Amino acid sequence: MNGRFVAAAVLLVTTSFFACSSDETSGTGGAGAGSSQQSSLPCDVAAVIATCTSCHATAHPSGGVRIAGRDDLLAVSSIDASQTVADRSIARMKDAASPMPPGAPLAADQIAVFEAWVAGGMPAGDCDGVGGAPPVEVVCTSKTYWMRGDEGSEDMHPGHACLDCHKKELGADAGKFPFAGTVFPTAHEEYDCNGIGGSTVVITEADGTTHTIPVRASGNFVLESEAAVAWPIRAEVRRDGKVAAMQDPVDSGDCNSCHTALGAEGAPGRITPP
């Protein structure tokens with residue numbers, strides 16, 4: 001789900017992504033510490049890694065490798081001590097069965113750029129953020145996290161692309177959940193970090209059908225329905241009489257797939273209340 005929410009003159013930075021997972025935890029960084037800054041990376045390499053930092057800007061308590069700069073990539077892999085995190089990254093990029101990023105494998109030329117840099121000894125560069133963009137700090141405002149793994153709950157894995165994960169785990173049954181996402185207090189919040197409740201998400205289908213979905217204390221919202229959806233849809237977040245409305249209609253109800261920690265598909269970050 002991409003697009004932007006606006007409330008009066010306030011731009012509500014929100015919006016997608018690929019479901020994120022990892023098979024190792026980096027030895028650098030940590031929950032609540034880190035940013036998207038591609039520190040000490042050449043700009044062409046930073047541009048490739050930018051596709052990873054939508055999910056891997058930080059490591060969090062439930063596990064997840066941090067890939068936010070050269071030091072992270074130089075770290076020893078917790079899966080194979082003979083490899084660096086960069087080596088493992090290449091293996092996952094090329095893994096046809098379970099590629100990273102999931103659902104949207106990198107192009108061969110992108111992998112070639114990263115692989116050549118690794119083969120050349122991972123020399124330092126001077127690109128602070130892709131294209132010289134300033135670093136973005138990714139935080140966990142609530143300082144509380146989902147710690148129960150894949151134990152089924154409406155509060156599980158805040159910030160992750162719910163529907164993408166459900167499709168992988170539930171197959172055809174994933175269609176019972178047409179809309180899901182997480183509302184956070186700020187635009188750049190970590191994965192599995194609990195969001196903020198107290199607001200309502202209103203979805204309007206192309207045929208005028210509306211769905212009012214309460215946001216849970218974890219920040220998560222989800223609608224269970226087997227009815228066909230009339231795409232595209234529009235979304236609003238309502239709180240205390242104020243409304244933040246998405247400017248453009250979208251054809252996906254997997255809100256966190258665009259509203260990532262750093263933003264994807266034109267979305268500048270997480271869904272936040274007005």
Side-chain angles (χ1 to χ4, degrees), residues 17-125 127 129-130 135 138 140 145-151 156-157 159-161 164-165 167-169 190-193 260-262 264:
F17 127 119
F18 316 110
C20 297
S21 60
S22 177
D23 56 3
E24 63 180 303
T25 299
S26 170
T28 63
S35 76
S36 66
Q37 184 176 10
Q38 302 303 304
S39 57
S40 301
L41 290 178
C43 286
D44 57 346
V45 176
V48 174
I49 292 302
T51 63
C52 305
T53 53
S54 288
C55 297
H56 297 291
T58 63
H60 52 71
S62 61
V65 64
R66 179 176 186 253
I67 305 176
R70 181 170 175 265
D71 288 346
D72 300 321
L73 294 162
L74 285 167
V76 175
S77 166
S78 63
I79 299 299
D80 183 344
S82 69
Q83 295 185 317
T84 63
V85 170
D87 294 324
R88 285 291 304 165
S89 297
I90 292 172
R92 292 303 306 276
M93 291 174 185
K94 293 183 170 182
D95 188 337
S98 181
M100 280 290 180
L106 294 176
D109 59 344
Q110 290 178 295
I111 297 175
V113 167
F114 185 74
E115 192 168 21
W117 177 71
V118 174
M122 294 188 275
C127 195
V130 179
V138 180
C140 180
Y145 296 83
W146 170 260
M147 299 291 289
R148 288 153 53 188
D150 291 338
E151 179 181 334
M156 68 191 299
H157 295 309
H160 285 270
D164 183 84
C165 183
K167 287 178 183 178
K168 294 176 181 177
E169 299 296 327
E190 297 177 22
Y191 293 90
D192 281 358
C193 171
T260 64
L262 299 180

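These numbers were taken from a predicted model, which means no experiment stands behind them. One is the number of the first residue; the rest follow in order along the sequence. In what follows, every heavy atom counts, from backbone to side chain, and hydrogens, waters and symmetry copies are set aside.
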[X] to [Y] - nearest heavy-atom pair and separation:
X	Y	value
Tyr145	Cys140	OH-CB, 3.3 Å
Ile67	Ser89	CD1-OG, 3.8 Å
Arg88	Ser77	CG-OG, 3.1 Å

Between [Y] and [X], is there a side-chain heavy-atom distance shorter than 4.5 Å?
X	Y	result
Asp72	Val85	no
Asp87	Val118	yes
Glu115	Lys94	yes
Asp71	Ser40	no
Trp117	Asp44	no

First locate atom CD1 of Ile90, then atom CG of Leu106, and finally report the distance between them rounded to the nearest 0.5 Å. 11.5 Å
To the nearest 0.5 Å, tell me how far Asp95 CG sits from Met100 CE. 9.5 Å
Main chain of Met122, side chain of Arg70: is a donor-acceptor contact present, judged purely on distance under 3.5 Å? yes
His160 vs His157 aromatic rings, parallel, tilted or perpendicular, using cut-offs 30° and 60°? perpendicular
